[in-house]
Number of protein chains: 2
Amino acid sequence: MSELLENEPVIASTIADTVCSKLQNAIVEGIIPAGSKISEPALANEFGISRGPLREALSRLEASNLIERKPNVGARVVTLTRQHLVEIYLIRESLEGLAARQAAENMSDKDINELDVLLEKHQQQIKQDQSYYQKEGDMDFHFRIIKGSKNSHLIDMFSNDLYHLIRLYRYQFGMVSKRVPRAFVEHGQIVDAIRQHDGELAQFLMSRHIRSSRINVEKMLDEHLAITD
Amino acid sequence: MSELLENEPVIASTIADTVCSKLQNAIVEGIIPAGSKISEPALANEFGISRGPLREALSRLEASNLIERKPNVGARVVTLTRQHLVEIYLIRESLEGLAARQAAENMSDKDINELDVLLEKHQQQIKQDQSYYQKEGDMDFHFRIIKGSKNSHLIDMFSNDLYHLIRLYRYQFGMVSKRVPRAFVEHGQIVDAIRQHDGELAQFLMSRHIRSSRINVEKMLDEHLAITD
DNA sequence: GATATCATAATTGTCGACAATATAGTTGAG
DNA sequence: CTCAACTATATTGTCGACAATTATGATATC
């Protein structure tokens with residue numbers, strides 16, 4: 001189970017909140033297929049709610065870039081393209097580099113110790129079964145660095161916008177790579193740099209880490225020809 | 001008048017759209033003061049509309065980080081803090097660096113020529129009256145680079161999220177600096193790098209440009225003691 | 001047979017009213 | 001006089017219905 005999300009308000013007080021969460025998962029998992037049209041009356045019926053809170057939820061999904069809306073026409077689930085995936089990777093390369101730099105400057109010793117614990121846990125899970133690490137564990141690590149930056153706006157951007165998109169692509173493209181051992185080593189290097197409060201190095205390592213991941217993904221897409229740009 | 005916004009849909013078809021635009025401007029210009037509470041019935045009355053589209057507009061303002069909403073409590077205009085301003089500058093330093101790099105790779109000759117025209121226009125306006133350049137012209141330049149990156153997600157992030165926040169801080173902190181001539185020179189350097197399709201250099205120059213701007217702003221805030229963190 | 005036009009149906013946008021929650025004011029006890 | 005609890009008020013969340021716009025399908029014309 002994803003550890004970093006435990007501080008999410010489990011009991012979302014408003015209907016729009018709960019429906020929004022459910023829709024996020026439904027879209028990420030492909031239950032609502034990418035590119036498909038969203039019918040407000042149908043969905044409202046399915047959830048047993050009115051169209052009011054549903055539209056509120058759709059607004060947030062639009063802000064998360066999970067759906068696209070056109071006035072007087074309706075909402076569609078976003079379509080996945082290779083180009084868009086690359087764009088997100090480039091943005092991550094840039095922003096998470098900044099996050100790592102600020103994390104090196106602002107993370108407390110306690111925060112860093114928890115990072116160590118997480119890494120150790122990941123190492124054990126890799127020995128047993130790589131699937132968790134690939135699916136959620138990697139996200140946990142990256143999100144924790146972002147939180148460690150203490151840059152509230154940066155944290156917001158990831159929580160609301162990028163996080164679900166990354167999950168979406170990872171889930172639906174179902175990437176499983178041989179990079180896991182290598183990625184784990186890189187995570188360790190990044191934590192080391194943070195521990196030494198070497199922001200410049202942490203930034204460099206994080207950017208390169210994500211760049212490597214992007215290049216790997218691009219190569220995989222080329223081979224599998226899964227997506228034609 | 002701001003040139004880069006001319007392709008914005010002037011006739012927003014839905015009420016929520018027009019109200020959202022009006023509220024954006026009202027918040028940026030301080031007509032609705034920072035930190036003030038927003039009453040849905042009052043605002044709806046003022047605009048002569050129902051609460052439905054108003055809430056839709058508020059949802060978008062929340063996504064733009066112009067207001068904050070708490071369930072069952074209501075919406076408040078965001079409060080301006082020095083820390084948040086610095087956070088945004090750091091994000092810009094990172095993202096606009098990426099934008100400049102991609103702009104150097106992806107801008108057409110026609111795009112670059114238009115950049116030249118814009119710069120020349122700015123130069124003339126600086127000689128006459130610096131105010132335009134400081135308020136909107138600078139934003140025009142930066143936004144054009146971002147669009148030049150052809151990174152649609154990056155463009156979205158700025159259009160929906162960062163653009164109005166930047167305007168808000170600039171408007172309400174009313175920064176007027178002696179950096180205008182220097183900033184203009186730096187803009188020229190960036191365009192040169194883009195013209196030579198030197199992405200690495202463009203990224204470096206843009207990041208440094210924004211960093212200088214941030215340091216200048218921080219210094220001004222320290223001197224004026226306008227904002228206490 | 002293909003295309004344009006119009007009428008029908010369905011969907012989205014908007015509204016006003018009710019229910020649930022939080023805030024403010026008041027009263028009472030210590 | 002201070003603080004706690006309760007009542008009353010106001011605000012937000014939710015709902016169902018109507019209006020405006022768009023998509024659909026049939027009909028007629030070339």
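On a predicted model such as this, the values are computed, not experimentally measured, just so you know. Here is the naming used below: chain letters follow the sequence lines, and residue numbers restart at 1 for every chain.
- A close approach under 4.0 Å does occur between a side-chain nitrogen or oxygen of B/Thr14 and OP1 or OP2 of C/dT14.
- The phosphate of D/dT12 has OP1 or OP2 within less than 4.0 Å of a side-chain N or O from B/Lys37.
- Spacing between atom CD1 of A/Ile15 and atom C1' of D/dC15 amounts to 9 Å, rounded to whole angstrom units.
- Nucleotide D/dT14 holds its C1' atom 13 Å from the CZ atom of A/Arg51, rounded to whole Å.
- Taking atom CG of A/Leu58 as the reference point, atom P of C/dT12 lies 9 Å away to the nearest angstrom.
- The only member of A/Glu96, A/His142, A/Glu93 that meets side chain to side chain contact (heavy atoms under 4.5 Å, CB included) when paired with A/His209 is A/His142.
- Each of B/Pro41 and A/Val73 has a nearest nucleotide on DNA chain D; the 5'-most of these lies closest to B/Pro41.
- Using a 4.0 Å heavy-atom distance criterion, B/Ile38 is classed as a sugar-phosphate-only contact.
- Residue-level contact check: A/Gly52 touches neither bases nor backbone, having no heavy atom under 4.0 Å from any strand.
- The distance from atom CD of B/Glu40 to atom P of C/dA22 is 15 Å, rounded to the nearest whole Å.
- At whole-Å resolution of the value, CZ in B/Arg69 and P in C/dA22 are 16 Å apart.
- Here the nucleotide nearest the side chain of A/Ser50, chosen from C/dC15, D/dC15, C/dA22, is D/dC15.
- In this structure, B/Phe47 atom CZ and C/dC15 atom C1' are separated by 17 Å, rounded to whole Å.
- Side-chain atoms of A/Ser149 come within 3.5 Å of backbone atoms of A/Asn151 as a donor-acceptor pair (strictly under, hydrogens ignored).
- Taking 4.5 Å as the limit, every side-chain heavy atom of B/Leu23 sits out of range of all side-chain heavy atoms of B/Leu66.
- One finds a side-chain N or O of A/Arg55 lying less than 4.0 angstrom from the OP1 or OP2 phosphate oxygen of C/dG13.
- The CG atom of B/Leu162 sits 7.0 Å away from the CD1 atom of B/Ile88 when rounded to the nearest 0.5 Å.
- Under a 3.5 Å cut-off, the side chain of A/Glu87 and the backbone N or O of B/Ser152 do form a donor-acceptor pair.
- Nearest-nucleotide positions on DNA chain D place A/Ala16 closer to the 5' end than the other of A/Pro71 and A/Ala16.
- Relative to the side chain of B/Asn72, the nucleotides C/dT21, C/dT14, C/dG13 differ in distance, and C/dT21 lies closest.
- With rounding to whole Å, B/Glu56 atom CD is found 12 Å from C/dT12 atom P.
- Residue B/Asn45 contributes atom CG, which lies 14 Å from atom C1' of D/dA10 at whole-angstrom precision.
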